[in-house]
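To start, the structure itself, in structure tokens.
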Amino acid sequence: MSKIVDIINKAETTHSLTKEEIVDLLRCDEYDQQLFLAADRVRSQFVGEQVHLRGLIEFSNICLQNCYYCGLRKENAKVKRYKLSPDTIIDFANKAKTYEYKTVVLQSGESQSYTVAEMKYIITSIKALGLAITLSLGEKSREEYQIYKEAGADRYLLRIETTNKKIYEALHPGMSFENRLRCLSDLKDLGYEIGTGCLVGLPNQRMEDLAEDILFFKSIDADMIGLGPFIPNADTPLAQEKGGAFSTSIKVMAITRLLLPDVNIPATTAMETLNKNGRMIALQSGANVVMPNVTEGEYRQMYMLYPGKICINDTPKHCRGCITGKIQGIGRQVSKEFGFRKSKK
Ligand code: 5AD
Ligand code: SF4
Ligand code: FES
């Protein structure tokens, strides 16, 4: 049997690989189908056939950061900036509940556009609807994270983006890798379920770096891992870059499932931007979560991280029906539970 097949078997049975073994897997494309089937079996065995839906509310595109890859970066003057009022955000969450979502993800650029008191009001009000709350607001102080946790937030998404410190610092002017690690560690410590993840195909990123990313997810005991290809945006300094490949992204995701068998892994929107069946392929290669957009109205078009983002002209109602059909079409079901990692609730 080939060395690569041995590595896949080892990952499936022990959920542990060395950096070199991960690099070998990433470099060889010949056994990709075996890799995806193994990840699909581990997904089925550890987290089952249910797909958890999270309703994504993109509540503000105002951002003070300047991440080189992102369309919402502060210096992109082409973006028309918006912030939804607290009551509009609560209203969108209420609508998401009527579409039978059990979790809403509150995502925005990193800014100080809302006071801590306003965020607390939003979290408390949405929590009172009986929904689980995931926050994705970027880097904040431990104190601020603690206030939101106490107000009822359950989970927090903060991708490390890349564990290569040099690449990280080159792409995030004015930000520090250490502070990002501090944020993730504070969030875990405060009792949040933490989600992290990376971009695949960043400039100068090697297979070794992606292997380190996967080992990092395991080392911090992340509860959720969201990853996808870097897609160059014409209105950013990385406009001329090549971007990440769909196949590499799916492979990084599949290996992540093999090594972290019980975590939640979304089939990300960026995957579907590069492949029209990308989210279903992801769900059959290790993923068990989808995050349909529940932002109402014209705001979806204004939340352009990268070009080609899906569903920008669709309504929450349409997306809910669409995704249910697709999930059932591959023989899986939409979960009616909250979908916490350790079935805490
Ligand atoms: N391509 C793909 N993903 C991107 N993100 C930001 N810009 C891009 C891009 N050009 C991702 C980042 C961030 C998440 C909200 O969106 O990983 O964490
Ligand atoms: Fe802002 Fe997030 Fe985009 Fe960075 S990735 S520019 S923090 S919205
Ligand atoms: Fe939005 Fe299919 S999920 S149109």
Side-chain angles (χ1 to χ4, degrees), residues 4-5 7-8 11-12 22 25-54 56 159 195 197-202 207 210 213-214 217 224-232 242-293 305-312 314 318-335 339:
I4 299 298
V5 174
I7 296 174
I8 296 171
E12 184 172 357
I22 300 173
L25 269 188
L26 289 172
R27 286 223 175 96
C28 171
D29 292 337
E30 208 175 314
Y31 302 93
D32 284 1
Q33 285 315 313
Q34 272 110 307
L35 169 64
F36 302 149
L37 288 170
D40 198 45
R41 285 192 295 271
V42 169
R43 185 273 309 154
S44 170
Q45 191 189 338
F46 282 82
V47 295
E49 306 311 312
Q50 306 283 316
V51 176
H52 301 291
L53 297 186
R54 323 290 197 195
L56 176 66
R159 288 183 176 178
C198 62
L199 286 167
V200 175
L202 290 169
M207 294 303 179
L210 293 169
D213 291 350
I214 299 169
F217 306 152
M224 309 171 283
I225 312 293
L227 62 92
F230 153 56
I231 302 170
K242 198 161 146 278
F246 176 75
S247 58
T248 316
S249 307
I250 291 279
K251 287 182 73 173
V252 173
M253 194 200 74
I255 300 168
T256 299
R257 170 60 72 199
L258 292 175
L259 299 200
L260 292 87
D262 64 350
V263 297
N264 282 320
I265 300 182
T268 58
T269 309
M271 300 266 199
E272 191 121 330
T273 299
L274 293 194
N275 181 312
K276 71 174 181 13
N277 204 22
R279 287 177 302 176
M280 295 309 114
I281 296 172
L283 285 178
Q284 293 173 298
S285 312
N288 69 319
V289 170
V290 184
M291 297 168 58
N293 202 318
L305 305 166
Y306 50 81
K309 203 182 122 190
I310 60 165
C311 304
I312 54 167
D314 298 301
H318 177 83
C319 288
R320 183 61 169 84
C322 165
I323 205 68
T324 304
K326 287 184 192 232
I327 289 167
Q328 289 171 350
I330 59 166
R332 304 263 282 277
Q333 303 99 41
V334 173
S335 166

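Predicted model only: the values in this text are computed from it and were never measured.
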Checklist entry - How long is the gap from CG on Leu260 to CZ on Phe217, to the nearest 0.5 Å? => result 8.5 Å

Next on the checklist: Within this structure, what is the CG-CG distance for the pair Asn293 and Leu56, rounded to the nearest 0.5 Å?
Outcome noted: 5.0 Å

Checklist entry - From Leu283 CG over to Met253 CE, what is the distance, rounded to the nearest 0.5 angstrom? => result 8.0 Å

Item to check | Residues that Gln333 engages under side-chain hydrogen bond (donor to acceptor under 3.5 Å, both in side chains), provided they are two or more places apart | outcome: Gln50

Checklist entry - Taking only residues two or more places apart in sequence, or in another chain, which ones meet Pro232 in a side-chain contact (heavy atoms from CB on, under 4.5 Å)? => result Phe230

Next on the checklist: Taking side-chain contact (heavy atoms from CB on, under 4.5 Å) as the definition, give me every residue that meets it alongside Asp314, ordered by chain and number, with sequence neighbours left out.
Outcome noted: Arg300, Cys311, His318, Cys319

Checklist entry - How many angstroms lie between atom OG of Ser285 and atom CD1 of Ile255, to the nearest 0.5 angstrom? => result 11.5 Å

Checklist outcome for this item: Sorted by chain and residue number, the side-chain hydrogen bond (donor to acceptor under 3.5 Å, both in side chains) partners of Glu49 (sequence neighbours excluded) come out as Arg43, Ser44

Item to check | Partners meeting side-chain hydrogen bond (donor to acceptor under 3.5 Å, both in side chains) with Ser335 (sequence neighbours left out) | outcome: His52

Would you give me the side-chain donor-acceptor pairs under 3.5 Å for residues 27-39, sequence neighbours excluded?
from, atom 1, to, atom 2, distance (Å)
Arg27, NH2, Glu208, OE2, 2.8
Asp29, OD1, Lys251, NZ, 3.1
Asp32, OD1, Lys251, NZ, 3.0

Checklist entry - Roughly how far, to the nearest 0.5 Å, is CD1 of Ile281 from CG of Asn275? => result 4.0 Å

Checklist entry - What residues form a salt bridge (charged side-chain N to carboxylate O under 4.0 Å, His left out) with Glu272, not counting sequence neighbours? => result Arg279, Lys326

Which atom pairs, donor and acceptor, lie under 3.5 Å between side-chain atoms of residues 264-271 and protein residues at least two apart or in another chain?
from, atom 1, to, atom 2, distance (Å)
Asn264, OD1, Asn288, ND2, 2.9
Asn264, ND2, Gly339, O, 3.0
Thr268, OG1, Leu227, O, 3.0

Item to check | Approximate separation, where rounding is to 0.5 Å, of Gln328 CD and Thr324 OG1 | outcome: 6.0 Å

Next on the checklist: Restricting to side-chain hydrogen bond (donor to acceptor under 3.5 Å, both in side chains), what partner residues turn up for Gln284, sequence neighbours left out?
Outcome noted: none

Item to check | Donor-acceptor contact below 3.5 Å, side chain Arg257 vs main chain Asp40 | outcome: no

